[in-house]
Amino acid sequence: MAEDNTDFDKLLDDFIASQLQETEDILAEDNDKQAAQKSSTKESSATDPNANITESNIIAQSQLDQEPLLATEEKQLFRAYCNFINATAACCTEANYPIPEFTFDISDILPRFRPSRTQRLSEDIIQAWESLLLAQPTRLSSLPTNPSDEQILAFAEKTTNNNLQNALISYVEVLIETDSCEIAYNLRKAKYKKHLIEKKIFEEHQNRIEKMRKYIEAIRQQDFPIDAEMLVNNFFKALRKDPDGAKKVVENNPATFAPIQVDKIPSRFFGLIKAKPEDGFKVNKKLGKFIKELKI
């Protein structure tokens, strides 16, 4: 069964947000600008398929302005993507074929790349390939079916069309950089899971210390003639190895973990009758019952 990363993706975004806190504010400010830029680009392409191709009229300028916000892997992926669609657009223009509208947005990889948000990137790659096949049918007809990266690069070296060559090379770069982003994502995921485990261990340790403190305080408040700290420490050590066994022992014979201090048992009849060892057995039984009923 595939692992559900929905919750993890949200937690991971929160985890790295402290390093890229400014990103969300900048994206919010640029939303209207991005929409206007895309609308303008679409209208220009639809009106004149032979319009001069520049990076800024294929990729909204607001996206290019945000490139410095990207981490290394995402930046390399974004540049490869820009090169690919620009070269594809140039091939379309050369063949007087309409330039398709690309939908991938830099916000899809901000603040960091994650696999669940690559649908538009995949759609753009497919759409670009369809356009290349229509714009350069003769040249691409000799490309093997389902070619490997090596076959595509070898084919690119032989083609005499610079735009097609750039498109093919940058396509392979997109694949490589996507893999790099996925590797980086998995490393962050592993690091975050390690962080959660460490946090859980620390919290459990703190809870254990607090629980021990409450046990010690409760026993001391009852003035039992026993070293409460020794009793609780030894009990919790045994609890790690054998929870059920340790619990039975502390409830029936707590003196196993710390001796009853008979000399501290109060004397009876105005101090005339000193405590005896058998009094220690009574205290031991009373203490066990107290611990059994203790709610912490």
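Computed from a predicted model, the values in this text were never measured in an experiment.
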Whether the side chain of [X] engages the backbone of [Y] through a donor-acceptor N/O pair (distance < 3.5 Å, no angle test) should be reported.
X: R208; Y: F236; value: yes
X: Q151; Y: S148; value: yes
X: N163; Y: C91; value: no
X: T159; Y: A156; value: no
X: S180; Y: I176; value: yes
X: E74; Y: R112; value: no

Is [X] salt-bridged to [Y], cutoff N-O under 4.0 Å?
X: K289; Y: E251; result: no
X: E198; Y: K194; result: yes
X: R79; Y: E177; result: no
X: E217; Y: R220; result: no

Closest non-hydrogen atom pair, [X] against [Y]:
X: D108; Y: R117; value: CA-NH2, 3.6 Å
X: S131; Y: P100; value: OG-CG, 3.3 Å
X: T178; Y: L121; value: OG1-CD2, 4.1 Å
X: T88; Y: A128; value: CG2-O, 3.6 Å
X: R114; Y: Y185; value: CB-CE1, 3.6 Å
X: N284; Y: A255; value: OD1-N, 2.9 Å

For the atom pair [atom1] ([X]) and [atom2] ([Y]), what is the distance rounded to the nearest 0.5 Å?
X: D124; Y: T118; atom1: CG; atom2: OG1; result: 11.5 Å
X: Q61; Y: Q66; atom1: CD; atom2: CD; result: 10.5 Å
X: R213; Y: I209; atom1: CZ; atom2: CD1; result: 11.0 Å
X: Y215; Y: L294; atom1: OH; atom2: CG; result: 5.5 Å
X: L231; Y: L287; atom1: CG; atom2: CG; result: 6.0 Å
X: F202; Y: N207; atom1: CZ; atom2: CG; result: 10.0 Å

Working for side-chain contact (heavy atoms from CB on, under 4.5 Å), residues E94 and N161:
CA-CA 10 Å; E94 181 182 315; N161 185 290; 2.6 Å; yes
Any chance NZ of K75 has more than 12 other-residue heavy atoms, nucleotides or ligands included, within less than 6.0 Å?
yes
CD/Q119: more than 12 non-hydrogen atoms of other groups inside 6.0 Å:
no
Test Q206 against E210 for side-chain contact (heavy atoms from CB on, under 4.5 Å), laying out the working first.
CA-CA 6 Å; Q206 293 301 110; E210 179 61 17; over 6 Å; no
Considering only heavy atoms from C-beta outward, does the side chain of [X] approach that of [Y] to under 4.5 Å?
X: L140; Y: L164; result: yes
X: E73; Y: F113; result: no
X: T160; Y: R139; result: yes
X: V174; Y: I125; result: yes
X: F235; Y: P254; result: no

Assess whether side chain to side chain donor-acceptor pair (under 3.5 Å) is satisfied between S62 and D65, documenting all intermediate values.
CA-CA 5 Å; S62 57; D65 291 341; over 6 Å; no
May I ask you to decide if the ring planes of Y81 and F102 are parallel, tilted or perpendicular, using 30° and 60° as cut-offs?
perpendicular
Is the Y171 ring parallel, tilted or perpendicular to the F84 ring (thresholds 30°, 60°)?
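Tilted, since the angle between the ring planes falls between 30° and 60°.
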Using the rule given for side-chain contact (heavy atoms from CB on, under 4.5 Å), can you reason through I109 versus L70, listing the C-alpha separation, both sets of side-chain angles and the distance that settles it, and then say yes or no?
CA-CA 8 Å; I109 50 177; L70 295 172; 4.0 Å; yes
Please report the C-alpha distance between I260 and F224 in whole Å, then the side-chain angles of each, then the deciding distance to 0.1 Å, and finally whether the side-chain contact (heavy atoms from CB on, under 4.5 Å) criterion is met.
CA-CA 8 Å; I260 301 297; F224 282 107; over 6 Å; no
